[in-house]
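No experiment lies behind these values; they were computed from the predicted model shown. Each chain gets a letter, A, B and so on, in the order the sequences are listed, and its residues count up from 1.
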Number of protein chains: 2
Amino acid sequence: MKNVRPGRSNALLKQATQTDRAVLGIRDMVLRGSVRAGKRLTELGMVDVLGVSRTPVRAALQRLAAEGLLQSAQPNGYVVRSFSEAEIFDAIEIRGALEGLAARMAAERGVPAATLDDLKDCLAAMDTLLATAAPGDEQLSRYGTLNARFHGLLVEAAGSAMVERILATVVSLPFAAPDAFVSAQARIPDSLAILRIAQTQHYEIVAALEARSSARAEPLVREHARIARRNLELALHSADALTHLAGGALIRRAGHG
Amino acid sequence: MKNVRPGRSNALLKQATQTDRAVLGIRDMVLRGSVRAGKRLTELGMVDVLGVSRTPVRAALQRLAAEGLLQSAQPNGYVVRSFSEAEIFDAIEIRGALEGLAARMAAERGVPAATLDDLKDCLAAMDTLLATAAPGDEQLSRYGTLNARFHGLLVEAAGSAMVERILATVVSLPFAAPDAFVSAQARIPDSLAILRIAQTQHYEIVAALEARSSARAEPLVREHARIARRNLELALHSADALTHLAGGALIRRAGHG
DNA sequence: TCTACCGGCGTTGTATACAACCGCGCGCCG
DNA sequence: CGGCGCGCGGTTGTATACAACGCCGGTAGA
């Protein structure tokens, strides 16, 4: 079963190395729930599943462990990580703290007019989507993208590579990303009302940035992150929503060990 | 030049793998300044220097890049990262934000009496060291250890593995750790006065935790982190202090490209 | 003389062989 | 019948061979 693609040749997917494929493959397996939380992942096992050799598998496991999806087990090896409700709350709170810091920095340093325009464009586009009475999956997905873009712009506006880097490691966790729950939103009651509240906060945040009011921007952004908390609580009450949430199988409900 | 230790045998240093040695070796080289910031590190080059094969070198480079000491270069390969003054300020601010979050969580959830006792023990031990009129390197080093322990206890008191994890990635950067500047403190003017201010803040923080006053604990801890900012500014004015600072050669002064 | 091609070298990606460790079950001996 | 030891399968750590780029310089042709 020699692999078709030794070396680095054959640009099937441009620049996609075996390591990238292994990372994507394992991450997908974990996030889709085809391997359960707590399950031990061995290098050779992944070799069989992915069809690449141990070397890229090894690199992928290391990267995913650094990302937080996997946890290195006692003597050696990795297990699929699980997340308690409290841990996800904490991750969201951490994101809020860091995005809040970014907002404060941005307000203090002043946001370029071009960036403000971009932010406002985002808001307008989201408004359009929210005007629909009952948005479908398609529209929610587009809203999620716009929301991610809004948060990206916000962080970028801080002008700090450090903040971006740390935030990237936080957001790489499932559930911690700003748009983590949007995909499950269609299965959550009152989802539209929640999104409208979030959008109101978006406007306030942009206004605070424009006014260079760091004292207002920071707590606004922190509080805004807690919308995700509410979404998580609602999603946890709906098995349907959980299955449609990326990595939902990784959530360790209270009482399930 | 076959390596003496193939496989995993021969517990010269217990449990120390070649990969660990490579990580330590490269990190030391970078932090001691024997490779300059911006220099490209090739796998084979490290093989020659470290005397281990490419496999552990590769793993080490990946780990150090995740840690933030190295930066992956455009097509492939790694370069030694450099840090501007502003970036270090940001890193300290980030630590402050996260430690502040930890303090808030700890205050809200309540700190166990045992942990409070540990914190107070730390304070007492630091008081003893600060009572000396002119502490030497030895005493400053012990102070740094105690200070690190204090901050560790604080974070632990939050009871959040997430916060601990993210903070660990921030602190893994040189300069960002709570005790990063203590080693250079002896070469900084007014160092003792600064440490006494820091110690005052330590007391206030513990008092806020004991009173479960999250609203006081968080900003106190944030402000406390900014002591490190002041230390950095002072260290940057002293070439002597810089050379005694781990990773000082990585600091990109304004105007030095 | 300038340009274009070709080949070698340096570098990384990948596969794989081998060594050491760990846990476990089986068999031997008391 | 019970305990101990030994070997074996499973797993990771390490070294290394080979393939595929990319770049640079040299050479040949116009």
**Request:** Verify side-chain hydrogen bond (donor to acceptor under 3.5 Å, both in side chains) between B:T17 and B:D20, making sure each step is shown before the conclusion.
**Result:** CA-CA 5 Å; B:T17 67; B:D20 294 334; 3.2 Å; yes
**Message:** Let's go through A:F175 and A:L232 carefully: what are the C-alpha distance in whole Å and the side-chain angles of both, what is the deciding distance for side-chain contact (heavy atoms from CB on, under 4.5 Å) to 0.1 Å, and is it a yes or a no?
**Reply:** CA-CA 8 Å; A:F175 326 117; A:L232 170 62; 5.8 Å; no
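When the P atom of D:dT11 is taken as reference, atom CG of A:L61 falls 13 Å away, rounded to whole Å. For A:Y78 and D:dT11, the OH to P distance is 16 Å, given to the nearest whole Å. The nearest whole Å value for the distance from the CE atom in B:M46 to the C1' atom in D:dA15 is 18 Å. As a whole-Å value, the separation of B:D48 CG from D:dA15 P is 13 Å. B:L50 places its CG atom 13 Å from the P atom of D:dT14, with the value rounded to the nearest Å. When the C1' atom of D:dG10 is taken as reference, atom CG of A:N76 falls 11 Å away, rounded to whole Å. Atom pair B:L44:CG and D:dT16:P shows a separation of 12 Å (rounding to whole Å applied). With rounding to whole Å, A:Q62 atom CD is found 12 Å from D:dT14 atom P.
Partner of B:I166 under the side chain to side chain contact (heavy atoms under 4.5 Å, CB included) criterion, out of A:D90, A:T169, A:L167: A:T169 alone.
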Listed pairs under 3.5 Å, donor-acceptor, residues 35-42 of chain B side chains, sequence neighbours left out:
{"from": "B:R40", "atom 1": "NH2", "to": "B:N76", "atom 2": "O", "distance (Å)": "3.4"}
{"from": "B:T42", "atom 1": "OG1", "to": "B:G45", "atom 2": "N", "distance (Å)": "3.0"}

Would you give me the side-chain donor-acceptor pairs under 3.5 Å for residues 240-249 of chain B, sequence neighbours excluded?
{"from": "B:T243", "atom 1": "OG1", "to": "B:D240", "atom 2": "O", "distance (Å)": "2.8"}
{"from": "B:H244", "atom 1": "ND1", "to": "B:R187", "atom 2": "NH2", "distance (Å)": "3.4"}

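Listed nucleotides: C:dG13, C:dA15, D:dA15. Nearest to the side chain of B:E43: C:dG13. Checked against C:dG13, C:dA15, D:dT12, the side chain of A:T17 finds its nearest nucleotide in C:dG13.
Within the structure, every side-chain polar atom (N or O) of A:T55 is placed at least 4.0 Å from both OP1 and OP2 of C:dT14. OP1 and OP2 of C:dT12 both lie 4.0 Å or more from every side-chain N or O belonging to B:R54. The side chain of B:T19 contributes an N or O atom lying less than 4.0 Å from OP1 or OP2 of D:dT14. Look at B:R58 and you won't find any side-chain N or O under 4.0 angstrom from OP1 or OP2 of C:dT12. Phosphate contact (OP1/OP2 of C:dG10, side-chain N/O of B:T42, threshold under 4.0 Å): absent.
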